[in-house]
Amino acid sequence: MKCWSSLFALALACAAIGAQATTPHGPSQGTLVIAGGGKLGPKIVNRFIELAGGPDASIVVIPTAGGPKQYDQDWPGLAVLKDAGARNITVLHTLSREEADSDAFVAPLLKAKGVFFPGGRQWRLVDSYLGTKTEREVKAVLTRGGVIGGTSAGASIQASYLVRGAREGNRILMAPGYEQGFGLVDHVAIDQHNDTRGRVGDMATIIAKHPDLLGIGLDESTAIVVNHDGFDVIGRGHVHITEADAHGQPERKPDLQSGQHFDFRPLQYAP
């Protein structure tokens with residue numbers, strides 16, 4: 001009897017692992033704040049700072065997606081965080097994968113409580129950081145219970161499947177060699193600027209080819225606050241959900257707005 005009980009427990013554990021491997025889920029520790037671009041309202045910025053530990057928390061900003069070769073510690077793009085009260089911000093940037101893979105470069109991440117990725121082009125984040133110590137230490141911030149935030153390109157890079165990663169232009173949805181994001185939220189593809197750039201229906205193309213993914217499209221000035229089992233919506237716009245139906249065909253779900261919650265397992269909406 002004891003042997004059968006042990007086997008049954010093992011079977012349940014294996015089933016749970018298998019389910020997680022194929023079901024959308026966020027980080028097991030820590031929180032993500034993923035925004036759709038545009039002007040981030042105080043509710044979004046304040047939530048990120050709060051989750052980092054407050055105005056005195058150590059926050060690292062990685063603006064590499066923006067394109068310039070260099071960023072100063074007084075980069076004007078920090079104003080959105082500074083105006084909200086953040087007082088301990090470090091800018092971290094490199095175009096060298098070798099530098100991104102060095103202990104000296106990642107040192108600020110070792111004490112960070114929050115990391116924020118501003119917008120730009122996703123491929124620049126892939127070229128500089130994917131598979132390096134920088135990516136690993138960003139994930140370690142979550143393991144310590146911290147927060148990773150990002151907007152526009154800094155939103156899409158957080159998903160396991162990278163949308164619009166092509167170097168040639170952001171109208172290309174799926175780009176060989178640039179389809180892998182950081183995987184902070186797994187079995188998910190994230191698009192942004194949905195309302196202002198006419199992208200609401202674009203996710204169907206991705207889900208048709210990758211029916212195992214959950215497609216999340218974000219309007220500007222809108223964010224999802226993600227934990228392991230789901231997310232809450234904050235901001236002024238909508239979140240657009242696309243997933244495969246029973247036949248593997250893309251299906252749009254009802255849009256979500258501020259104050260609503262979405263559970264990854266089972267996929268369901270809540271008021």
Side-chain angles (χ1 to χ4, degrees), residues 18 20-27 32-37 62-67 94-97 100-101 115 117-139 142 148-194 197-219 224 226 231 239-245 248-253 264 267:
Q20 178 166 308
T22 58
T23 303
H25 60 88
L32 310 175
V33 178
I34 304 176
I62 303 179
T64 305
T94 184
L95 300 179
S96 165
R97 289 183 59 80
D101 209 27
V115 178
F117 291 91
R121 294 297 308 282
Q122 293 90 300
W123 64 264
R124 296 186 180 113
L125 297 170
V126 173
D127 282 0
S128 288
Y129 304 120
L130 187 67
T132 68
K133 287 182 179 179
T134 298
E135 182 192 356
R136 292 194 289 275
E137 292 304 331
V138 166
K139 292 177 176 177
L142 293 172
I148 307 300
T151 185
S152 190
S156 291
I157 195 65
Q158 297 190 50
S160 54
Y161 183 88
L162 183 62
V163 179
R164 303 185 195 276
R167 295 174 65 100
E168 295 82 1
N170 61 17
R171 294 192 177 187
I172 301 172
L173 285 172
M174 297 175 282
Y178 288 93
E179 294 180 274
Q180 180 181 349
F182 291 162
L184 306 182
V185 54
D186 199 22
H187 271 78
V188 165
I190 297 174
D191 201 5
Q192 9 78 14
H193 301 285
N194 270 210
R197 300 185 185 180
R199 295 176 173 180
V200 171
D202 289 358
M203 190 63 74
T205 301
I206 295 172
I207 301 305
K209 186 172 181 180
H210 301 281
D212 59 315
L213 297 175
L214 173 69
I216 301 175
L218 303 172
D219 285 353
I224 55 176
V226 185
F231 62 78
V239 175
H240 311 275
I241 301 293
T242 306
E243 60 177 320
D245 63 16
Q249 298 302 308
E251 180 181 13
R252 280 279 309 280
K253 298 296 185 179
F264 290 139
L267 293 179

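Computed from heavy atoms alone, side chains included, the values below leave out hydrogens, waters and symmetry copies. Predicted model, so just to flag it, every value in this text is computed and none were measured.
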Minimum heavy-atom separation for [X] to [Y], with atom names?
| X | Y | answer |
| --- | --- | --- |
| Ala189 | Ala159 | CA-CB, 4.1 Å |
| Gly26 | Val226 | CA-CG1, 4.1 Å |
| Pro27 | Leu142 | CB-CD1, 3.9 Å |
| Ser128 | Ala100 | O-CB, 3.3 Å |

Do the non-hydrogen side-chain atoms of [X] and [Y] ever get within less than 4.5 Å of each other?
| X | Y | result |
| --- | --- | --- |
| His210 | Glu179 | yes |
| Trp123 | Leu162 | no |
| Val185 | Pro24 | no |

Atom pair [atom1]/[atom2] of [X] and [Y] - distance to nearest 0.5 Å:
| X | Y | atom1 | atom2 | answer |
| --- | --- | --- | --- | --- |
| Leu184 | Ile190 | CG | CD1 | 8.5 Å |
| Leu214 | Lys253 | CG | NZ | 10.5 Å |
| Ile216 | Ile241 | CD1 | CD1 | 5.0 Å |
| His25 | Phe264 | NE2 | CZ | 9.5 Å |

Name the one of Ile207, Thr205, Val200 that satisfies side chain to side chain contact (heavy atoms under 4.5 Å, CB included) with Met203? Ile207
Counting distance only, does the side-chain N/O of [X] pair as donor-acceptor with the main-chain N or O of [Y] below 3.5 Å?
| X | Y | answer |
| --- | --- | --- |
| Arg124 | Ala65 | yes |
| Thr242 | Glu251 | no |
| Ser152 | Gly37 | no |
| Ser160 | Val188 | yes |
| Arg97 | Gly131 | no |
| Thr134 | Tyr129 | no |

Take Gln158 and Ile148 through the test side chain to side chain contact (heavy atoms under 4.5 Å, CB included) and record every step on the way to the result. CA-CA 9 Å; Gln158 297 190 50; Ile148 307 300; 4.0 Å; yes
Please determine whether the number of non-hydrogen atoms from other residues, nucleotides or ligands lying under 6.0 Å from atom CD of Gln180 exceeds 12. no
Could you walk me through whether Glu137 and Lys139 pass the salt bridge (charged side-chain N to carboxylate O under 4.0 Å, His left out) test, one step at a time? CA-CA 5 Å; Glu137 292 304 331; Lys139 292 177 176 177; over 6 Å; no
Yes or no on side chain to side chain contact (heavy atoms under 4.5 Å, CB included) for Ile62 and Val138, after CA distance, side-chain angles and deciding distance? CA-CA 10 Å; Ile62 303 179; Val138 166; 4.3 Å; yes
Go through the steps for Arg252 and His240 under the test side chain to side chain contact (heavy atoms under 4.5 Å, CB included), then give the verdict. CA-CA 8 Å; Arg252 280 279 309 280; His240 311 275; 3.8 Å; yes
I'd like to know whether Leu218 forms a side chain to side chain contact (heavy atoms under 4.5 Å, CB included) with Asn194, so could you lay out the CA-CA distance, the side-chain angles of the two residues, the decisive distance to 0.1 Å, and finally the verdict. CA-CA 6 Å; Leu218 303 172; Asn194 270 210; 5.8 Å; no
Show, in sequence, the C-alpha distance, side-chain angles and deciding distance for Tyr178 and Gln122, and conclude whether the side-chain hydrogen bond (donor to acceptor under 3.5 Å, both in side chains) test is met. CA-CA 9 Å; Tyr178 288 93; Gln122 293 90 300; over 6 Å; no
Between the side chains of Arg197 and Gln192, is a donor N or O closer than 3.5 angstrom to an acceptor N or O? no
Determine, step by step, whether Asp101 and Arg136 satisfy the salt bridge (charged side-chain N to carboxylate O under 4.0 Å, His left out) criterion, reporting the C-alpha distance in whole Å, the side-chain angles of both residues, the deciding distance to 0.1 Å, and the verdict. CA-CA 9 Å; Asp101 209 27; Arg136 292 194 289 275; 3.6 Å; yes
Determine all donor-acceptor pairs shorter than 3.5 Å in which one atom belongs to a side chain in residues 163-174; sequence neighbours excluded.
unit_1: Arg164; atom_1: NE; unit_2: Asp191; atom_2: OD1; d: 2.9
unit_1: Arg164; atom_1: NE; unit_2: Asp191; atom_2: OD2; d: 3.3
unit_1: Arg164; atom_1: NH1; unit_2: Asn170; atom_2: O; d: 3.0
unit_1: Arg164; atom_1: NH2; unit_2: Asp191; atom_2: OD2; d: 2.8
unit_1: Arg164; atom_1: NH2; unit_2: Asp202; atom_2: OD2; d: 2.8
unit_1: Arg167; atom_1: NH1; unit_2: Asp127; atom_2: OD2; d: 2.5

